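Keep in mind it's a predicted model, so treat the numbers as computed, not measured. Every chain is numbered from 1 and lettered A, B, ... according to where its sequence line falls, protein lines coming before strand lines.
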Amino acid sequence: MLGRTANGLYWMFRYIERAENIARLIDAGLRMSLTRSGVTDDDWDGVLQSAGVREPYGEMHDKTTSVDAIDYLLRERANPSSVMSCFESGRNNARMVRTALTRDTWEAVNECWIEMKTLLAKRVKPADLPEVIDAIKRRVALIRGAFHGSMLRNELYNFARIGTLIERADNTSRILDVKYYVLLPSVSAVGSSLDNVQWESILRSVSAHRSYSWVYDAEYKPANIADFLILNGQMPRSLSYCYEKIVSNLGYLAQEYDERLPAHETADAMLRALQALSVRDIMDKGLHEFLEDFVQRNNQLGQEISEGYRFYQ
Amino acid sequence: MMNADDAPRQPYQQYFEWYSGQNPAHLIGKSRDAESIFRKTGITFAVYGHADSAEKLIPFDLIPRIISAKEWRKLAQGIEQRVVALNAFLDDIYHKQEIIRAGRIPRALIEKNSAFLPQMIGFRPPGGVYTHIVGTDIVRTGEDQFYVLEDNARTPSGVSYMLENRETMMQMFPELFHRNKVQRVEDYPMLLRQSLASLAPPGCKGKPRLAVLTPGIYNSAYYEHSFLADMMGVELVEGSDLRVMDGKVKMRTTRGYEAIDVLYRRVDDDFLDPLTFRPDSALGIPGIMDVYRAGNITIANAPGTGISDDKAIYSYMPEIVEFYTGRKPLLENVPTWRCSEPQSLQYVLDNLADLVVKEVHGSGGYGMLVGPTASKKERAEFAAKLAARPANYIAQPTLSLSTVPILVKKGIAPRHVDLRPYVLVSDKVQIIPGGLTRVALKQGSLVVNSSQGGGTKDTWVLED
């Protein structure tokens, strides 16, 4: 396959994954403002930060308001990570690699983009937000379903999956990193209702507030939440899960090409490191330092994959 | 499509028996279904210069245009004759130039023409084929009377619409295909692939590797490029995927560089090789012309074919056909005034209101004047342009084009159409029975270009 096609598949799925994650972040932000009395617009700063767009937002707006923040995250064209921009870039990549996609997958992406162009044509009224967020999640679920249900399990599939998982690992670590201060055990605040809301919002932004309860009982503990999102191999957004799947998809590529590249060593090393750690080790060494390092190495892996498989000239 | 007694012409009889049992409102609903199929599939095109509407649908009319087997045979013979002549003409003007020496065509017209590529002189493409794919634009003016409007021997587009229109019709009205025996167009991608593969260059050992070269996703015909690559099962490449290495054109794959033997390029000559043609082109492949001349790649259509469908050459087509085939042309040429000739220019200026004036190098219906529908002011402005650069224009009478029925709110109404059948040239000439029918949707309009509000319809050639 063409290097450009591998590149297009990889980014198509990164953008689609990102669109969904941004929608979840907004959802979590909305939930927080519903459940907390005296909610401040500062909370949206946290959301913007999790999305990695706090700075560029600041360049366009003097202060943070929920209305502006939501619009920036959903629709702003100047924000390459807004939901609309992600769908736009995702679809452009899909058009570029159209000959590599099944008809079902292409149509799911195209119809998603068609619906979003209408839904996000104008500022979304607060009352319509839940419906719009639902529609985003539903559309992404349809794309994912068409993709898993119809694509051949070959190199195309592997590149698409790797894109999804690298993006997801990046998003999960950012979400945790922004909220790491909440997770720091501090005697005074533990167990207060303020923390519960914050913790729930973390789980909600990875669609896991229910599944957390199934695994760890219905009690929010900082170490458990960190364990869940970093090390729990059953949790489909945890770093461990993402890396298990990245390693296996890269493994198929190595088999298919009969060649191991630097990317394979990097991914294997990252998975081994995750498997060797306990949540205690991570908390002791500093969650923030751990996550910062992880995000950087995750990016590096993406870089190595794009070089190893000739994504660009 | 009606004959003098106001009854449907014979090929339409079956269709109208069916139509008379249909509920018009239901058919209008089907029209909308068709539109949503096209939108969902992404069968769109880009109109250059429209800022917002990056992607548009070409309106689809669901009443097929129907041609009898007898009529088609006559048409196909005429097209084949013309395409054979085009290839012979190209081979001649890039080699011995006998037609010039025989005094049938002025030398300056060829050699001063920007579509004439000196780089092709003395070079014969694999199999001697220059125009692998041709889309001849034809209009019908009466029973058995056809005119060729343009030969489109560079990179004719629209074939994906021919195929998608048929697909859509078969999905929506399967019963019609039981009542009418319609000749197949669906084999086109397979035939195209076979036809291209059969013209692999001498340097190709083993099974030839094909690719479609596109300018990229922002090109107006990108959908078609991806569609054809997909249907043929070959790679869709951009210039940035390709480079010249070890005397071959190779594409960058995830496993390294791999050679391409046949390139179906949908990029204009000018942009093909920045080392040979436009140095600012980012769409092409530096050095591809050297590989071509060394016999290590087939480029379809061959560079330099544009000289044969140039509008200034068009008026000489009857002579060209006769010169190379030894027979009178079977299809008519539209009478054409070459504005470069002072007498003709005067005639054109005097009769602007009755003529269609076209730019010699224009395409897509841009830069043309339709005299009868233009305003006085438009005609005056155009007359000034004409006087300033006469050699840049040709003029033709407006033909009384035949009409076919389209579906409108009130039922059916007649509209003007043209027809672009697709022709594949290898060691044989294959004409796909049917083609793209473009229809001027505005009442009375003669402009069928999709960029100017034209639509398309399925085109049926019936079996005997």
Side-chain angles (χ1 to χ4, degrees), chain A residues 1-10 12 77 88-115 117-118 121 142 146 154-156 158-159 162 250 252-254 256-259 261 263 305-313, chain B residues 35-46 52-55 57 160 164 167 189 209-243 245 250-258 260 282 285-286:
Chain A
M1 69 189 292
L2 290 176
R4 184 170 51 84
T5 306
N7 181 45
L9 282 164
Y10 173 89
M12 166 187 168
R77 297 265 167 180
E88 196 85 48
S89 309
R91 177 180 181 265
N92 269 344
N93 277 289
R95 279 190 82 205
M96 197 172 81
V97 302
R98 191 162 164 176
T99 57
L101 298 174
T102 55
R103 192 165 180 138
D104 289 6
T105 309
W106 157 255
E107 286 185 3
V109 174
N110 194 38
E111 287 187 81
C112 165
W113 174 79
I114 291 169
E115 182 179 354
K117 271 212 331 182
T118 320
L142 285 172
N154 58 13
E155 47 184 344
L156 303 173
N158 298 134
F159 283 114
I162 291 168
L250 278 171
Y252 285 119
L253 289 176
E256 171 88 21
Y257 289 57
D258 201 15
E259 186 187 18
L261 302 167
I305 291 170
S306 69
E307 281 162 18
Y309 290 105
R310 301 172 180 84
F311 283 11
Y312 311 99
Q313 285 294 72
Chain B
E35 209 166 275
S36 75
I37 293 176
F38 284 116
R39 195 167 292 282
K40 184 167 98 173
T41 322
I43 308 176
T44 53
F45 74 104
D52 182 41
S53 52
E55 287 171 32
L57 283 184
S160 57
E164 292 285 4
E167 188 64 34
R209 187 126 188 211
L210 278 60
V212 176
L213 174 65
T214 174
I217 62 168
Y218 298 108
N219 183 268
S220 71
Y222 177 77
Y223 168 73
E224 177 156 305
H225 308 158
S226 69
F227 175 84
L228 288 174
D230 204 15
M231 298 292 283
M232 287 197 285
V234 304
E235 291 290 355
L236 178 64
V237 297
E238 296 181 13
S240 64
D241 297 320
L242 304 180
R243 67 157 67 153
M245 295 166 85
K250 298 192 174 181
M251 59 182 169
R252 194 180 73 252
T253 78
T254 49
R255 294 161 197 262
Y257 281 87
E258 293 175 14
I260 293 173
I285 308 106

Worksheet entry | Stepwise side-chain contact (heavy atoms from CB on, under 4.5 Å) test for A:R98 and B:Y223 | CA-CA 9 Å; A:R98 191 162 164 176; B:Y223 168 73; 3.4 Å; yes
Can you tell which part of [X] gets under 4.5 Å to a heavy atom of chain B, answering side chain, backbone, both or neither?
{"X": "A:E115", "result": "neither"}
{"X": "A:N92", "result": "both"}
{"X": "A:E155", "result": "side chain"}

Fill in: Check: B:T254 main-chain N/O paired with A:R310 side-chain donor or acceptor under 3.5 Å
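Yes; judged by distance alone, with no hydrogens or angles, the pair exists.
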Practice prompt. Mark yes or no for whether A:R4, through its side chain, and B:T253, through its backbone, hold a donor-acceptor pair below 3.5 Å.
Written response: no
Fill in: Pairs of heavy atoms under 4.5 Å with chain A: top-ranked of B:E238, B:M251, B:M231
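Looking at each option in turn, the highest pair count goes to B:E238.
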Response to the item:
Answer key: most heavy-atom pairs under 4.5 Å with chain A among B:D230, B:V237, B:T41, B:L236 is B:T41
Worksheet item: Which heavy atom of A:T99 sits nearest a heavy atom of B:S226, and at what distance?
Response: CG2-O, 3.3 Å
Worksheet item: By side chain to side chain contact (heavy atoms under 4.5 Å, CB included), which residues pair with A:I114, not counting sequence neighbours?
Response: A:N110, B:R39
Discussion item. If you apply the rule salt bridge (charged side-chain N to carboxylate O under 4.0 Å, His left out), what do you find for A:E256 with B:R255, and how did you get there?
Written reply: CA-CA 10 Å; A:E256 171 88 21; B:R255 294 161 197 262; 3.3 Å; yes
Worksheet entry | Interatomic distance, B:Y218 atom OH to A:M96 atom CE [nearest 0.5 angstrom] |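 Here the interatomic distance stands at 10.0 Å.
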Worksheet entry | By ring pair (Phe, Tyr, Trp, His ring centres under 6.0 Å) - contacts of A:Y309 (at least two apart) |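 Scan of A:Y309 (ring pair (Phe, Tyr, Trp, His ring centres under 6.0 Å), adjacent residues dropped) gives A:F159, A:Y257.
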